[in-house]
*Asks:* 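Got a structure here, written out as structure tokens. Questions coming.
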Amino acid sequence: MSHSSRSCAHQFSKLSSDMPLPDRPKSISLTPGLQWLTTDDGSRTLWDEQLDETYHSGCGAVAESLTVYLVNSGIHRRLTAGQATQVLEYGFGTGTAFWLTAAVAALNGAPLRYRALELKLLPAELLRSLKLDQCKLTEVNYPDFSPVVSMAQSLLEEFMRWRCTLPAEPLPGMYKWKAVNSIELELVVGNAADYRAESSVQFDAVYFDPFSPATCPELWCPEVFRTAYDSLCKDGTFVTYCVKSAVRKQLAEVGFEVGKVAGPAGGKREVLLAKKRCLDAMK
């Protein structure tokens with residue numbers, strides 16, 4: 001999901017904090033209260049009218065998902081090497097991070113288990129309008145991007161057929177979808193703050209993408225960060241867009257080695273990357 005801070009001018013490196021936001025095109029969606037926003041890389045995201053928050057950066061929904069989550073986490077490297085990979089995401093939203101991760105897995109024959117935590121699934125008729133293949137990223141910044149976005153769009157369309165078999169608003173619980181090349185999506189519907197780590201499942205990375213700390217403070221807290229830490233395998237990574245000092249401090253207190261890395265081109269200057277230090281194993 002996303003948050004207003006990602007569409008604010010201070011996150012766009014070439015704009016000063018007192019300059020107005022770019023006038024990005026919006027259009028009405030099939031779901032009341034949500035509008036489609038065309039981001040700077042040509043891909044679409046959603047804007048929640050009530051919260052005044054976007055699901056991805058206005059600077060580029062696909063660019064953000066590729067850089068902040070796939071690349072910074074090391075998952076892109078694992079999948080292109082054909083390694084079996086497990087990812088935990090907080091905030092499925094439009095599923096953009098999943099479609100791209102699954103596409104890289106499919107193109108490289110890498111088994112993928114992807115568990116996503118989401119309070120409420122978006123309706124199928126809304127996701128049909130995501131149109132990932134309209135993204136205009138260049139091969140200069142993202143080599144081999146064209147086959148990835150094409151595969152992502154195909155997976156999205158395949159997913160839509162399965163999503164239509166579920167209720168419009170599924171009850172809390174886990175819903176599993178299997179795609180090509182040993183790709184499995186586990187959608188956990190419910191409050192992500194209630195999610196608990198399982199000793200039998202450890203993930204290579206956590207994509208932490210809920211709404212902003214101002215809008216969704218219950219997920220930006222030590223208890224949730226500890227669960228994310230416990231859910232990771234040794235040397236697992238935790239990645240998110242937010243680099244606020246309070247967030248970095250809380251992550252460090254639960255055991256992460258926390259740092260900042262470059263954000264996507266034309267977007268946030270810095271985003272967050274944390275590594276599991278495995279302090280528990282050293283006690």
Side-chain angles (χ1 to χ4, degrees), residues 1-2 29-34 44-46 48 55-56 61 65 69-70 73 75 79 84-106 110-132 151-211 216 218-219 224 227-228 230-233 236 240:
M1 298 180 73
S2 192
S29 78
L30 295 174
T31 301
L34 295 175
R44 305 179 92 187
T45 191
L46 288 167
D48 188 305
Y55 280 57
H56 298 89
S65 297
Y69 299 106
L70 272 78
S73 66
I75 292 301
L79 294 176
T85 298
Q86 300 195 96
V87 175
L88 173 64
E89 180 179 20
Y90 281 76
F92 186 70
T94 62
T96 299
F98 168 69
W99 314 125
L100 294 168
T101 302
V104 176
L112 173 67
R113 181 182 189 178
Y114 194 106
R115 181 174 294 180
L117 314 178
E118 182 57 77
L119 182 63
K120 182 179 179 181
L121 298 186
L122 293 173
E125 60 269 19
L126 181 68
L127 290 178
R128 283 197 183 96
S129 300
L130 185 58
K131 300 178 182 178
L132 291 168
M151 175 63 74
Q153 182 65 35
S154 296
L155 289 168
L156 170 59
E157 292 169 2
E158 182 181 341
F159 171 85
M160 286 301 96
R161 293 189 284 273
W162 172 79
R163 175 67 179 90
C164 288
T165 68
L166 300 179
E169 295 187 14
L171 295 173
M174 181 183 288
Y175 300 85
K176 295 183 180 182
W177 175 65
K178 291 187 177 181
V180 297
N181 292 358
S182 300
I183 295 170
E184 182 172 352
L185 171 64
E186 299 173 342
L187 281 172
V188 181
V189 177
N191 190 339
D194 297 330
Y195 179 76
R196 295 294 178 265
E198 301 175 18
S199 59
S200 60
V201 184
Q202 290 199 309
F203 298 91
D204 300 293
V206 169
Y207 295 175
F208 199 75
D209 197 24
F211 282 115
C216 192
E218 66 273 19
L219 291 183
V224 171
T227 296
D230 291 340
S231 297
L232 285 167
C233 64
T240 189

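Residue numbers start at 1 and run along the sequence shown.
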*Asks:* Ala193 and Val224: which non-hydrogen atoms are nearest, and at how many Å?
*Replies:* CA-CG2, 4.1 Å
*Asks:* About how many Å separate CE of Met174 and CD of Glu186, when rounded to the nearest 0.5 Å?
*Replies:*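 Reported value, rounded in 0.5 Å steps: 4.5 Å.
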*Asks:* Return the set of residues passing salt bridge (Lys or Arg N to Asp or Glu O under 4.0 Å) with Lys120 (not counting sequence neighbours), or none when no residue passes.
*Replies:* Glu169
*Asks:* So Arg115 and Val201, side chain to side chain contact (heavy atoms under 4.5 Å, CB included) or not? Walk me through it.
*Replies:* CA-CA 10 Å; Arg115 181 174 294 180; Val201 184; 4.2 Å; yes
*Asks:* Do you know the tightest heavy-atom contact between Ser29 and Leu34?
*Replies:* OG-O, 2.6 Å
*Asks:* Under 4.5 Å between any side-chain heavy atoms of Val87 and Tyr207, yes or no?
*Replies:*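 Heavy-atom side-chain distance check passes, below 4.5 Å.
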*Asks:* Would you give the length of the straight line joining atom NE2 of His56 to atom CG of Asp209, rounded to the nearest 0.5 angstrom?
*Replies:*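 Result: 6.0 Å between the selected atoms.
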*Asks:* Does a side-chain heavy-atom distance below 4.5 Å link Leu46 with Leu126?
*Replies:* yes
*Asks:* For residues Leu117 and Leu88, determine if any side-chain heavy atom of one lies less than 4.5 Å from a side-chain heavy atom of the other.
*Replies:*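 SC-SC contact between Leu117 and Leu88 confirmed.
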*Asks:* Is a side-chain N or O of Trp99 found less than 3.5 angstrom from the main chain of Thr94, in a donor-acceptor match?
*Replies:*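 A pair under 3.5 Å: yes.
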*Asks:* Under the criterion side chain to side chain contact (heavy atoms under 4.5 Å, CB included), I'd like the reasoning laid out for Val206 against Tyr90: C-alpha separation, chi angles, the key distance, then a yes or no.
*Replies:* CA-CA 8 Å; Val206 169; Tyr90 281 76; 3.9 Å; yes
*Asks:* Taking all non-hydrogen atoms of both residues into account, name the closest pair between Arg44 and Ser129 and its distance.
*Replies:*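 In terms of heavy atoms, the two residues are closest at NH1-O, 2.6 Å.
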*Asks:* Report the C-alpha separation of Tyr195 and Ser231 in whole Å, then their side-chain angles, then the decisive distance to 0.1 Å, and conclude whether the side chain to side chain donor-acceptor pair (under 3.5 Å) test is met.
*Replies:* CA-CA 10 Å; Tyr195 179 76; Ser231 297; 4.7 Å; no
*Asks:* Mind running side chain to side chain contact (heavy atoms under 4.5 Å, CB included) on Gln202 and Gln86 for me, showing each step along the way?
*Replies:* CA-CA 7 Å; Gln202 290 199 309; Gln86 300 195 96; 5.6 Å; no
*Asks:* If you define the side chain from C-beta out and look only at heavy atoms, does anything of Val188 sit under 4.5 Å from Phe92?
*Replies:*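 Heavy-atom side-chain distance check fails, nothing below 4.5 Å.
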*Asks:* For Thr96 and Tyr55, what are the C-alpha separation, side-chain angles and deciding distance, and is it a side chain to side chain contact (heavy atoms under 4.5 Å, CB included)?
*Replies:* CA-CA 10 Å; Thr96 299; Tyr55 280 57; over 6 Å; no
*Asks:* Is Phe98 close to Leu155 at the side-chain level, that is, under 4.5 Å between some pair of heavy atoms?
*Replies:* no
*Asks:* Report the distance from atom CG of Leu132 to atom CD of Glu157, rounding to the nearest 0.5 Å.
*Replies:*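 One finds 9.5 Å between CG of Leu132 and CD of Glu157.
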*Asks:* I'd like to know if the side chain of Thr240 reaches the main chain of Phe208, judged simply by a donor and an acceptor atom lying under 3.5 Å from each other, with no hydrogens or angles considered.
*Replies:* yes
*Asks:* Nearest heavy-atom pair of Ala84 and Asp204: which atoms, and what distance?
*Replies:* O-OD2, 4.2 Å
*Asks:* Answer whether the closest heavy-atom distance between the side chains of Tyr175 and Trp162 falls below 4.5 Å.
*Replies:* yes
*Asks:* Does Asp48 have any salt bridge (Lys or Arg N to Asp or Glu O under 4.0 Å) partners at least two apart in sequence or in another chain, and if so, which?
*Replies:*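 Residues passing salt bridge (Lys or Arg N to Asp or Glu O under 4.0 Å) with Asp48: none at all.
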*Asks:* Specify the closest pair of heavy atoms between Pro170 and Arg163, including all atoms of both residues, with the distance to one decimal.
*Replies:*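 Heavy atoms only, the tightest pair is CD-NH2, 3.9 Å.
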*Asks:* For the atom pair CZ (Phe203) and CD (Glu89), what is the distance rounded to the nearest 0.5 Å?
*Replies:*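 The distance works out to 11.5 Å.
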*Asks:* Can you tell me how far the CD1 atom of Ile183 sits from the CG atom of Leu112, to the nearest 0.5 Å?
*Replies:* 6.0 Å
*Asks:* About how many Å separate OG1 of Thr165 and CE of Met160, when rounded to the nearest 0.5 Å?
*Replies:* 11.0 Å
*Asks:* Grab the two heavy atoms, one from Leu30 and one from Glu125, that are nearest each other, plus how far apart they are.
*Replies:*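 Heavy-atom minimum between the residues: CD1-O, 3.6 Å.
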*Asks:* Is any side-chain heavy atom of Thr31 closer than 4.5 Å to a side-chain heavy atom of Leu122?
*Replies:* no
*Asks:* Compare all side-chain heavy atoms of Glu184 with those of Lys176 and state whether any distance is below 4.5 angstrom.
*Replies:*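 Side chain of Glu184 against side chain of Lys176, heavy atoms only: contact under 4.5 Å found.
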